[in-house]
Amino acid sequence: MCPIYKFPQINLYMSNFCCNFAAKLDNRRKKKPDNRINEEYNIQNILNLITMQKSPLQIARQAYQPKMPVALNGNVRLVEGAATQSVADQEEIKKLFPNTYGLPLITMEPAPGEAKSEAINVGVILSGGQAPGGHNVISGLFDGLKRLNPNSKLYGFLGGPSGLIEGKYQELTAEIIDEYRNTGGFDIIGSGRTKLEETWQFDNGIEICNKLGIKAIVIIGGDDSNTNACVLAEYYLQKQCGIQVIGCPKTIDGDLKNEMIETSFGFDTACKTYAELIGNIQRDANSAKKYWHFIRLMGRSASHIALECALQSQPNICLISEEVEAKNMTLNDIVEQIVEVIVDRSNAGLNFGTVLIPEGLIEFIPAMRVLIQELNDLLAQNEEFATLEGDDAKREYVKSMLTPASCALYRSLPKGIARQLTLERDPHGNVMVSLIETEKLLIEMVSKRLAQLKAEGKYKGKFSALNHFFGYEGRCAIPSNFDADYCYSIGVNASHLIAAGKTGYMSLVRNLTKPAAEWLAGGVPITMMMNMEKRNGKMKPVIQKALVELDGAPFKYFKEHRAVWADSKTSYIYPGPIQYYGPTEVCDQPTITLKLERGAM
Ligand code: FBP
């Protein structure tokens, strides 16, 4: 059946739509005020639904029913534990969050009877980079709210936190939700990186929530967005405006985890997607036997993605930024480390291999970090720099402003990389590491060093390298069963936290190395995960970011095995694509990182 017939209301809508569309576009061109934005977004969304053609897998996934913890299947009882405290800086955090500090941990337990609540209107926001499973958090939230009371409504704020501030929203109906079940991406309502941190923004939020009768906001985001969720919760409690705020742990980077949050959603799918590609490349390398592949992997500062991909695919080399920093390594040290493996393999007749490079590597090389910090300070709101025309003028300006040591390092870099270091900063003032082509930098430096060794008669091999960057292709993949189940459970669980009147909590689902039915659900006070850190020169309360722990089980396992993986014997693993159907040991496995961390392997 043609998808359009499934939506009779769309047919009706279409006739009006066709007449009005040209006028609406015209208005947009004339930059009329944005008061039609919600209507137009509806139109765009409905158009998307109509024009969406689907692969057989998309159709099959739409019908997939995510697995859930037993406790969330029916009515629940919230059991409160002891009062909590923040991981550090207790006095400061308590002072900043007088209303949300010290809240108890919550566990959901099955309860007799039917799950019921008053009708509640809820607003949901997707914040930051895409992560597979975001749509399932929203569908779980929607189903949870409707099951508690069919008259409850879910509104999506459009384009990230700015949707709340600017009052851009769309009601999410069953038809819309059904189209997005178990799909990747954040396109249901869009995402954005606007920071929610100023009181005028919070007050705008109150206005739109009052207009729509919204009693709770769910923020699906990473560490910064969840920190902001807590600031918002605290502000709304102080104002006694009756709006609750609940956070959900999202990011492919895997750096939002701690004693309570076992993993952020999206990490599982992204790593499995990259690991498949790395495995395919390794198979090609092992077949053609002529290329070294330098593969940079997304993940921002932390090296969790690179490490997990290494555990899944066993490459010849995987750099771990946190180790580079701990060993105070220079760029040249890293090059030497790679060259050593290349020469050894070449001596065994193997002029091919794979090198995994975490996206944030460059920031963890101590001297580079100093250079980047100087550039961050120099470029922050620097109007003079912005007016300079041409790369050469910008390069000369930067050189004239840096300290001698940083200037020398800057000059030693290939021009292209040096330019990438001065590109626009993100809203937090940080360099956008996803734009820095470290893999090309390393290829160039390794190549030069090998040429030197060849001239000295110490290397006889042939070095031919290819560069890759795996980032965006993993961020919106169809969520693995793990992420589909985990996210849906997070969403349903959030609906129970809301119904119980909770605020300042993150929706918590744990025990993730066990089958989904045995997962535990609850809530963790966001203040419990906070400490004070310097941001933009000021001490701020933030959720601690989790970097790779060098004494943690995943890194230790990697360290024990990497010499063998680098060795002349080829130890590659070819993980293959994510499997959605089939035996549970193929389809429902969590990441190796999670299993090692939880002592489950
Ligand atoms: P979040 O931290 O918002 O989850 O973003 C993850 C991420 O994919 C990083 O791994 C990457 O460095 C960054 O987003 C890229 O940002 P952008 O989407 O703005 O290019």
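For ligands, and for the atoms within them, numbers begin at 1 and follow the listed sequence. In this text, all values refer to a predicted model and were calculated from it rather than measured experimentally.
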Summary of salt bridge (Lys or Arg N to Asp or Glu O under 4.0 Å) pairs that have at least one residue in residues 470-480, sequence neighbours excluded: none
Amino acids contacting ligand 1, non-hydrogen cut-off under 4.0 Å: Gly128, Gly129, Arg193, Lys250, Thr251, Ile252, Asp253, Met298, Gly299, Arg300, Glu359, Ser434, Tyr472, Arg475
For Arg369, the option from Glu363, Glu374, Glu325 that meets side chain to side chain donor-acceptor pair (under 3.5 Å): Glu325
Residues that Ser191 engages under side chain to side chain donor-acceptor pair (under 3.5 Å), provided they are two or more places apart: none
Distance (rounded to the nearest 0.5 Å) between Leu508 CG and Ile261 CD1: 5.0 Å
Pairs under 3.5 angstrom only: tabulate donor-acceptor contacts from the side chains of residues 546-559 to other protein residues two or more places apart or in another chain.
none

Pairwise distance CZ(Phe265) to OG(Ser489) - rounded to 0.5 angstrom: 12.5 Å
